[in-house]
There are 2 protein chains.
Amino acid sequence: MVSPKRTKLKDLALHLDLTESTVSRALNGYADISPKTVDRVTQAAVQLGYKPNQNARRLATGQAEAVAYVIPQNHSSLAEPFVSQLLRGLNDSLSRRGWDLLVSHAVSAEDEAAKIHRLISSGRVSGVVLTRPFRNDARIKLLQDAGFPFVVHGRCSHCDDYSWYDIDNELAIKTAATHLIALGHQRIGFIGAPLYYNFAFQRLEGYKSALAEAGIPYDETIVEIAEMKDDAGESAASNQLDSGKPPTAFVCSSDTQALGVLAAIRTRGLTAGEDVSVIGYDGLSIGRHANPPLTTMAQPQAQSGRELGDILLAVIDGDDPASHQILKRAELVLRNTAGPLRDRNYH
Amino acid sequence: MVSPKRTKLKDLALHLDLTESTVSRALNGYADISPKTVDRVTQAAVQLGYKPNQNARRLATGQAEAVAYVIPQNHSSLAEPFVSQLLRGLNDSLSRRGWDLLVSHAVSAEDEAAKIHRLISSGRVSGVVLTRPFRNDARIKLLQDAGFPFVVHGRCSHCDDYSWYDIDNELAIKTAATHLIALGHQRIGFIGAPLYYNFAFQRLEGYKSALAEAGIPYDETIVEIAEMKDDAGESAASNQLDSGKPPTAFVCSSDTQALGVLAAIRTRGLTAGEDVSVIGYDGLSIGRHANPPLTTMAQPQAQSGRELGDILLAVIDGDDPASHQILKRAELVLRNTAGPLRDRNYH
DNA sequence: GTTGATTCCGAAAGCGGTTTCGGGATAGCA
DNA sequence: TGCTATCCCGAAACCGCTTTCGGAATCAAC
């Protein structure tokens with residue numbers, strides 16, 4: 001249990017009969033050290049298993065060599081596969097520099113602000129990744145005012161002057177709704193996400209836009225705002241289906257909601273994709289095993305973490321944040337829940 | 001973009017007309033500072049928004065006040081909801097002390113060892129959480145030899161002298177298999193996970209144990225080792241179902257595998273829970289939306305992160321690692337895929 | 001052989017806290 | 001009033017590494 005004392009810079013210097021400063025510079029690639037000395041030093045370093053004390057280094061350089069990923073306080077457990085994928089991508093990006101990844105998980109909105117404050121003003125991290133921005137998000141203002149490097153996974157209503165990586169939510173939902181319209185549907189319900197999320201707003205806009213383009217009047221009685229979980233989707237769809245004039249199709253703001261919608265449809269003895277069509281949003285691979293397999297808008301999640309990391313590193317290095325804004329598009333994954341309009345025969 | 005310079009200990013001391021050392025001790029709860037001074041100091045601290053530089057603090061104390069969660073290099077994306085839940089729990093535990101959580105994601109086994117080495121010998125963290133241990137796991141030996149605090153999510157073959165939190169895998173699978181036996185099934189297939197994982201080994205043991213108890217001979221031709229993803233489960237089940245003497249039920253090592261098994265069953269025009277029974281393992285909530293809803297062994301994941309964190313903190317504080325070993329049990333969640341044995345009428 | 005320019009390394013001052021130690025001030029007691 | 005015990009606080013070393021600066025040594029050039 002006695003930990004063998006670590007070799008520190010001093011030991012290395014003594015061993016090599018050099019000064020600590022020389023060894024340090026040799027290790028950090030300074031130009032004023034002769035190549036052979038550099039060789040000697042690096043060899044001795046691996047030989048003695050020297051790992052610089054990161055805290056000392058961070059203190060001396062003022063660079064934390066770490067970034068934090070701030071997980072939003074409330075999000076449904078079903079949506080969480082994304083978090084893991086994203087962390088993996090972030091890690092990939094950061095480890096090329098040997099940087100660390102912190103995750104910070106707040107329990108409330110105020111707690112979140114406090115945590116961010118602590119993170120950025122205690123030298124723990126040199127950058128922050130934010131997710132799920134609100135329409136106008138206090139966290140972003142906080143970071144901007146502090147002049148602290150950050151990147152947002154998503155956009156706010158006002159997003160010109162910072163870095164972000166986002167999916168074109170509006171276009172995605174518009175694509176979904178337009179697909180249903182092309183299948184003959186005219187009465188299309190929309191299951192939205194809470195509108196304080198900007199992406200929720202954008203998705204609603206996409207829905208409206210598709211209708212407008214097709215000349216279908218917007219009917220707010222078939223638009224429901226629900227949390228992004230299956231139960232919420234199920235009850236929202238239930239309301240609609242049990243109403244006098246139910247939609248013949250649904251566009252959902254998430255796959256988890258869509259799974260609930262499918263459940264509501266099954267419960268009523270109907271068949272999704274035949275009696276009622278459904279399109280989800282997220283492209284969860286699990287949707288393949290839904291009943292029936294869920295048609296959905298798949299967003300390219302795989303690289304998102306990687307790209308967010310790269311952007312953040314660039315901004316930390318001094319790049320203009322506004323020059324790093326990436327907008328990707330989702331694509332329609334055709335499975336079995338979106339079919340042509342039929343004669344309504346289900347009540 | 002100009003960051004307003006942070007207030008440091010010196011500023012606070014000047015402002016209060018005290019010494020840095022006094023202020024430091026006041027803030028850190030030393031007994032030799034008068035209560036009124038402590039008051040003065042703490043008030044001034046919040047007033048000036050003083051946040052101690054964490055790197056300086058860590059350097060001085062030698063305590064990293066952070067732990068790392070090491071994500072195993074290979075794991076299927078479908079199983080990842082767990083990671084996120086677990087991180088949340090870990091965070092809860094750590095934030096009560098204001099500690100940080102790092103996540104480290106290796107790309108290969110060697111890389112993983114290297115990363116752990118770097119983590120523990122560079123002062124970044126004061127403890128490590130390991131997951132998915134192999135039967136005998138090099139990482140554990142590494143940490144033990146270094147005398148470095150750690151806790152394992154899972155057990156190894158030899159697990160007496162370190163801390164762990166685990167589900168009784170053997171009992172869980174035994175419960176599942178016994179349930180099927182009670183339903184009349186005699187020919188029960190097993191979809192296992194790669195046996196270098198210790199949990200995979202334990203689950204296989206549970207399967208064998210249930211059979212032995214029921215006096216059913218072990219037949220290795222209906223035992224398949226597959227990766228923990230849906231495709232693998234599907235092809236494994238397909239092999240079995242297309243064989244001359246197919247099982248009437250399957251026990252799976254994961255829900256993701258089970259989803260694939262369900263797909264294989266559907267593909268053949270059969271109905272899970274009627275023609276063929278299936279029990280999964282994990283208790284993924286998504287299983288409710290499977291076709292049909294998946295019967296499964298649910299492990300209590302919610303607290304696992306929290307408990308792992310608490311254990312690790314205790315060990316870091318000096319507790320005997322061997323005194324922190326927690327074994328939980330999974331429970332059978334009855335949904336629709338496990339039904340009584342029928343006359344075989346499906347080929 | 002002196003000069004000037006290069007190369008390479010050592011000295012030393014931080015980075016921003018923590019912690020041990022010792023002593024001045026105050027209080028307690030005779 | 002004098003002496004000791006107690007309570008607070010200041011001084012200073014230290015944690016391990018980085019980085020600027022200056023100077024010794026080497027080399028080329030005249």
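Computed from a predicted model, the values in this text were never measured in an experiment. Only heavy atoms go into these numbers, but all of them, side chains included; no hydrogens, no water, no symmetry mates. Lettering follows sequence order; numbering is per chain, from 1.
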Handout entry: Spacing between B/Asp32 atom CG and C/dG23 atom P, to the nearest angstrom
Key = 16 Å

Handout entry: Between D/dC17 (P) and A/Leu12 (CG): distance, integer Å
Key = 9 Å

Handout entry: Atom pair distance, as rounded to whole Å: NZ in A/Lys36 and C1' in D/dT26
Key = 11 Å

Handout entry: Rounded to 10 degrees, the angle between the two terminal axes of the helix from C/dG1-D/dC30 to C/dA30-D/dT1, each from five pairs
Key = 50°

Exercise for the section: Using only heavy-atom distances, determine whether the side chains of B/Ser34 and B/Thr37 contain a donor-acceptor pair under 3.5 Å. Expected result: yes

Problem - Distance, rounded to the nearest Å, where A/Tyr30 contributes OH and D/dC17 contributes P - result: 15 Å

Problem - Whichever of A/Glu20 and B/Val23 has its nearest DNA chain D nucleotide further upstream toward 5' - result: B/Val23

Practice task
Heavy atoms only: give me the nearest A/Arg58-A/Glu65 pair and the separation to one decimal.
Solution key: NH2-O, 3.9 Å

Exercise for the section: Nearest whole angstrom, please: distance from the P of C/dG17 to the CG of B/Leu14. Expected result: 13 Å

Exercise for the section: Give, ordered by number, those residues of residues 49-67 of chain A having at least one heavy-atom distance below 4.0 Å to an atom of DNA chain C; if nothing qualifies, reply none. Expected result: A/Leu59, A/Ala60

Exercise for the section: Establish, with yes or no, whether the OP1 or OP2 oxygen of D/dT18 is under 4.0 angstrom from a side-chain nitrogen or oxygen of A/Ser24. Expected result: yes

Problem - Between C/dT19 (C1') and B/Leu27 (CG): distance, integer Å - result: 15 Å

Exercise for the section: Examine the base of D/dG10 for any acceptor or donor lying under 3.5 Å from a partner atom in the side chain of B/Arg25, and report the outcome as yes or no. Expected result: yes

Practice task
Give B/Ser34 one of three labels, base, sugar-phosphate or nothing, depending on what nucleic acid heavy atoms sit under 4.0 Å from its own.
Solution key: sugar-phosphate

Fill in the blank from the handout: Looking only at C/dG10, C/dT20, D/dG16, the nucleotide nearest the A/Lys8 side chain is D/dG16

Problem - Pi-cation contact, B/Tyr162 with B/Arg155 (under 6.0 Å, within 45°) - result: no

Problem - Residue pair A/Asp92 / B/His105, side-chain donor-acceptor N/O under 3.5 Å - result: no

Problem - Heavy-atom closest contact (B/Pro133 atom, B/His153 atom, distance) - result: CD-O, 3.5 Å

Exercise for the section: Compare all side-chain heavy atoms of B/Tyr196 with those of B/Arg135 and state whether any distance is below 4.5 angstrom. Expected result: no

Practice task
Ignoring hydrogens and angles, state whether a donor on the side chain of B/Ser93 or B/Asp310 is under 3.5 Å from an acceptor on the partner side chain.
Solution key: yes

Problem - Test item: side-chain donor near acceptor, B/Arg306 and B/Asn91, under 3.5 Å - result: no

Completion exercise
From CG of A/Leu9 across to P of C/dA11 the rounded distance in Å is 14 Å

Problem - Residue pair B/His158 / B/Asn136, side-chain donor-acceptor N/O under 3.5 Å - result: no

Exercise for the section: Starting at atom CZ of A/Arg124, determine the distance to atom P of C/dG16, rounded to an integer number of angstrom. Expected result: 16 Å

Problem - Given D/dC9, C/dT18, C/dG10, the nucleotide with the shortest approach to the side chain of B/Thr22 - result: D/dC9

